S.K.: 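For reference, the structure I am asking about is given below.
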Protein chains: 2
Amino acid sequence: MKLTKAIKDKSQGKYKYAEQAHILVAVDCIIFGYDGDELKILLIKRALEPAKDQWSLMGGFIEANENLYGAAERILHTLTGLEEVYLEQLKAYGDPERDPFERTISVAYFALIDINKYKEQINDAYQAKWFLINEAPKLIFDHEKMVEKAKNRIRYKAAFHPILFELLPRKFTIPQLQNLYEQVYNAKIDNRNFIRKVNSTGLLIKLAEKDKSSSKRGAFYYKLDLNKYKAKFSSFINFIPNPENFIL
Amino acid sequence: MKLTKAIKDKSQGKYKYAEQAHILVAVDCIIFGYDGDELKILLIKRALEPAKDQWSLMGGFIEANENLYGAAERILHTLTGLEEVYLEQLKAYGDPERDPFERTISVAYFALIDINKYKEQINDAYQAKWFLINEAPKLIFDHEKMVEKAKNRIRYKAAFHPILFELLPRKFTIPQLQNLYEQVYNAKIDNRNFIRKVNSTGLLIKLAEKDKSSSKRGAFYYKLDLNKYKAKFSSFINFIPNPENFIL
DNA sequence: ACAAAAGTGTTATAATTACACCCATGT
DNA sequence: ACATGGGTGTAATTATAACACTTTTGT
């Protein structure tokens, strides 16, 4: 921090930074959800001017008493009613012209949620809608850039870390998990090799129950071994055969 | 972006966001350097109140006409005279209490530079000093947290991408490169396996000249094949044997 | 001749890939 | 009985890890 322009505020007896421009700081959330079948993104439609009727990420300005993560949590909670979901800082965006109304720095966060569990809680006031990941509409400002970056980040991270489990319900089948990976990477994965790899992680506990909704035979449900999940989260597991062509 | 508080500015005819707190936005740079022998970090010593005589990252406030990356470039250039060095956004920091003087959001960037090439250009006005990576002093605010995060990011990224070449001079020896990896990972690496892995990337071009400074036999200089470097930068190469225990 | 770092070679083990087949069940 | 997705097995290939020795040259 370059402090050479700091002055002492007589009224409070504290140092302050003089003659510096203060800027609006916002947080925008890229919210990914999976319903066991399709990977989606949650967007809101602007009901008011300016930018009325345009699709946008859910966002808000940072408040005096909260940190960036807290602001992202608040914004996510306001829209979805969700708490304690996976939420990670993506990047700060600060081009002078990114917001045509007023200069605004935006810190983007992405969230991974299970649509089934939470869809009833979504706040209708924002006209939120789930879009298929490849069928999202045009977005305001640089929000599409944020979404692309978030997709890339997820691809990158999910190649080595089990973050995609955050999108699944408590119990899920291996075909559902594979289907999720296939959508994230836009690729077909060999189911035999996939099952072996997933099982080799030791992260899954097989349940007695079966899901019969997608086949006659039915697929066994599994649940996450939460202890192992937490312990192994940072370790590297090659979930994806050829993680070649990602852009970092 | 939540725009519900936008109003129309009569004087300019543009929409503006009303009743929102504007905050100071700074950029701080974690500058890593390698002199062919030791991995170091560049810090500045505060010459003025407040926080006089304390060590700090080089930073500055964002200006009206520049984006975040541009601000980081400017700050880096001001201190080191360097341009076109590797510079990557690390994370935005925004705890309300992170800066005791005034609420400030800081976007941290890290830079990778070759100390030999640039050390003459360093601006003395900031009392900058290179510290060994493991012998850095206490820093102001949350700067130590930033440095730790940057070290982790470099470890993470360098395990799969050839970013550490950014720290090397145009010509370098493989022992120098290995030494750099060993310092980044605080680990001994088998030189036989290391050489094979580095050569298998096809990224290096062997030069006729030898560096005799560190052994009697001398080690051949190599240079980067810049075309292949750019092409392969995003692809995954396992540079590090067991990338197990990194924290993401 | 010897010390010290540079550089080459080999082999065992483990991970990855590319395959083909059987299973369970609702219709 | 058969169609459909679920699940198991195996063999070839490739990558990784562990290891020892030879080369060069200044002193």
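Note on naming: letters A, B, ... go to the chains in the order of the sequence lines (proteins, then strands), and numbering restarts at 1 for each one. Because the structure is a prediction, the values reported are computed rather than measured. Hydrogens, waters and symmetry mates play no part in the numbers below; they use all other heavy atoms, side chains included.
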S.K.: The criterion is ring-ring contact (aromatic ring centres under 6.0 Å, His included); which residues satisfy it with A:Phe172, sequence neighbours excluded?
M.R.: A:Phe165
S.K.: Round to the nearest Å and state the distance from A:Ile195 atom CD1 to C:dA18 atom C1'.
M.R.: 15 Å
S.K.: Does B:Asn191 make a side-chain donor-acceptor contact with the base of C:dA6, cut-off 3.5 Å?
M.R.: no
S.K.: Atom CG of B:Asp211 to atom C1' of C:dA6: distance rounded to whole Å?
M.R.: 11 Å
S.K.: Is a donor-acceptor pair below 3.5 Å formed from side chain A:Asn193 to base C:dA18, judging by atom type as modelled?
M.R.: yes
S.K.: Look at all strands and tell whether B:Ser214 reaches a base, only sugar-phosphate, or nothing, counting heavy atoms closer than 4.0 Å.
M.R.: sugar-phosphate
S.K.: How long is the line joining OH of B:Tyr221 and C1' of C:dG7, in whole Å?
M.R.: 17 Å
S.K.: Compute whether any side-chain donor of one residue and acceptor of the other, for A:Tyr181 and A:Gln183, lie under 3.5 angstrom apart.
M.R.: no
S.K.: Give a yes or no on whether a donor-acceptor pair under 3.5 Å exists between the nucleobase atoms of C:dT8, that is its base, and the side chain of B:Arg217.
M.R.: no
S.K.: Does D:dT27 have its OP1 or OP2 closer than 4.0 Å to a side-chain nitrogen or oxygen of B:Lys216?
M.R.: no
S.K.: Taking the minimum atom-to-atom distance to the side chain of B:Lys197, which one of C:dT25, D:dG26, D:dT16 wins?
M.R.: D:dT16
S.K.: Do A:Asn116 and A:Tyr34 meet the criterion of a side-chain donor-acceptor pair at a distance under 3.5 Å?
M.R.: no
S.K.: Apply ring-ring contact (aromatic ring centres under 6.0 Å, His included) to B:Tyr229 and list each qualifying residue two or more places apart in sequence or on a separate chain.
M.R.: B:Phe233
S.K.: Can you identify which nucleotide, out of C:dA6, D:dG7, D:dT10, has its nearest atom closest to the B:Pro175 side chain?
M.R.: C:dA6
S.K.: Do A:Leu207 and A:Lys171 have side chains that approach each other closer than 4.5 Å (heavy atoms only, starting at C-beta)?
M.R.: yes
S.K.: On the side chain of A:Arg196, is there an atom forming a donor-acceptor pair with the base of D:dT10 - under 3.5 Å, no angle test?
M.R.: yes
S.K.: Distance check needed: C:dA6 P versus B:Ile189 CD1, whole Å only.
M.R.: 14 Å
S.K.: Expressed as a whole number of angstroms, how long is the span from B:Lys210:NZ to C:dA4:P?
M.R.: 19 Å
S.K.: Could you give the CG-to-P distance, from A:Leu204 to D:dG6, as a whole number of Å?
M.R.: 16 Å
S.K.: Take atom CG of B:Asp190 and atom C1' of D:dC19, then tell me their distance rounded to the nearest Å.
M.R.: 8 Å
S.K.: Has the side chain of B:Arg192 got a donor or acceptor atom sitting under 3.5 Å from an opposite partner on the base of D:dA20?
M.R.: yes
S.K.: CZ of A:Phe194 versus C1' of C:dT17: gap in Å, rounded?
M.R.: 16 Å
